[in-house]
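These notes concern the structure reproduced below.
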Amino acid sequence: GESVGLHLPTLSVQEGDNSIINCAYSNSASDYFIWYKQESGKGPQFIIDIRSNMDKRQGQRVTVLLNKTVKHLSLQIAATQPGDSAVYFCAERGVYTGTASKLTFGTGTRLQVTL
Amino acid sequence: EPEVTQTPSHQVTQMGQEVILRCVPISNHLYFYWYRQILGQKVEFLVSFYNNEISEKSEIFDDQFSVERPDGSNFTLKIRSTKLEDSAMYFCASRLESSGNTIYFGEGSWLTVV
């Protein structure tokens with residue numbers, strides 16, 4: 001079956017350092033991936049997405065890398081700030097069929113930013 | 001910035017009671033979803049809704065669950081007879097259309113069944 005999982009449950013980084021959050025997925029047919037940030041008591045907040053025909057996409061302070069060969073996804077956050085402290089989820093979507101395709105979420109990594 | 005809004009933010013209900021969770025998706029979006037998150041666990045898909053009908057549903061979405069878009073703006077999730085294990089955060093989400101648009105989530109409705 002399909003599954004999306006995260007390597008590390010908790011990641012602690014110092015303010016100003018770069019953070020790398022990893023995610024493994026098993027459904028090789030997935031064509032779209034999203035990173036979400038979830039702060040305590042709030043809903044998942046979109047950070048960045050990437051299609052399966054790309055291997056890298058950059059946003060503001062964030063970069064997503066996709067390695068389809070090993071089915072691995074990573075989120076890089078540059079110059080991590082205290083406001084980045086949250087749980088980060090990767091999510092995948094199976095091959096788009098023209099209907100309302102669902103997302104499958106990973107288990108989450110908690111990012112703790114220390115001063 | 002447009003957002004998905006949900007009410008109530010928190011509801012406590014007795015086991016066996018009916019609960020309706022309400023959502024107002026982003027106005028021009030066409031696809032609607034309910035997800036849930038049991039405390040400390042990952043976000044799980046419940047149901048997707050498009051063109052006034054369910055597109056897909058998970059094993060969790062059994063006969064006790066139903067969804068409705070009664071008036072063109074609200075999107076509701078009804079749990080007919082709540083169980084203790086229904087306690088969770090329920091997220092409504094919506095998407096514009098086409099294959100590339102991302103799914104935007106609301107802040108969630110925290111349901112506690114006692």
Side-chain angles (χ1 to χ4, degrees), chain A residues 1-10 21 23-25 27 29-54 57 59 62 64 86-110, chain B residues 1-6 9-10 23 25-26 29-61 67 69 75 88-110:
Chain A
E2 58 183 38
S3 68
V4 179
L6 293 166
H7 294 307
L8 297 174
T10 304
I21 301 172
C23 175
Y25 64 95
N27 185 359
S30 291
D31 70 343
Y32 181 59
F33 304 87
I34 308 175
W35 280 101
Y36 285 94
K37 171 186 180 183
Q38 186 178 30
E39 296 174 280
S40 181
K42 296 191 174 182
Q45 177 187 357
F46 171 81
I47 301 173
I48 192 167
D49 58 1
I50 188 167
R51 291 178 181 270
S52 59
N53 61 355
M54 303 169 66
R57 190 161 188 229
V62 294
V64 55
V87 176
Y88 289 80
F89 293 94
C90 63
E92 63 169 328
R93 185 188 69 191
V95 175
Y96 182 68
T97 59
T99 59
S101 304
K102 67 177 185 182
L103 294 177
T104 300
F105 280 79
T107 53
T109 293
R110 180 173 300 280
Chain B
E1 183 177 312
E3 58 182 20
V4 176
T5 57
Q6 292 184 239
S9 57
H10 188 192
C23 170
I26 296 173
H29 285 194
L30 300 178
Y31 296 88
F32 313 112
Y33 307 83
W34 282 101
Y35 286 77
R36 80 170 186 190
Q37 185 178 31
I38 295 172
L39 186 64
Q41 299 186 21
K42 62 182 179 181
V43 178
E44 301 174 290
F45 170 77
L46 290 178
V47 65
S48 58
F49 191 87
Y50 171 71
N51 199 25
N52 287 317
E53 61 183 19
I54 291 174
S55 303
E56 187 175 0
K57 58 184 180 180
S58 71
E59 294 175 351
I60 303 168
F61 195 88
V67 290
R69 188 159 161 80
F75 179 52
M89 181 74 93
Y90 288 81
F91 293 109
C92 175
S94 68
R95 177 166 68 93
L96 180 57
E97 65 176 307
S98 83
S99 64
N101 293 100
T102 195
I103 297 175
Y104 292 92
F105 285 79
E107 294 286 272
S109 292
W110 182 248

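Order of the sequence lines sets the chain letters (A, B, ...), proteins ahead of strands, with each chain counted from 1. Bear in mind the structure is a predicted one, so any value in this text is a computation, not a measurement.
Contact annotation for B:Q37: only side-chain heavy atoms (C-beta onward) come within less than 4.5 Å of a heavy atom of chain A.
A heavy-atom distance below 4.5 Å is found between the side chains of A:Q38 and B:F91. Counting heavy atoms from C-beta on, the side chains of A:L103 and B:Y35 come closer than 4.5 Å. With a 4.5 Å cut-off on side-chain heavy atoms, A:Y36 and B:V43 do not count as touching. At a threshold of 4.5 Å between non-hydrogen side-chain atoms, the residues B:F105 and A:F46 do not count as touching.
Expressed to the nearest 0.5 Å, how far NZ of A:K42 lies from CE of B:M89 amounts to 11.0 Å. Here the CZ-NZ distance, from A:F89 to B:K42, works out to 10.0 Å after rounding to the nearest 0.5 Å. Taking NZ of A:K102 as the reference point, atom CD1 of B:I103 lies at 11.5 Å (rounded to 0.5 Å). Atoms CG and OG1, on A:D49 and B:T102 in that order, are 5.5 Å from each other to the nearest 0.5 Å.
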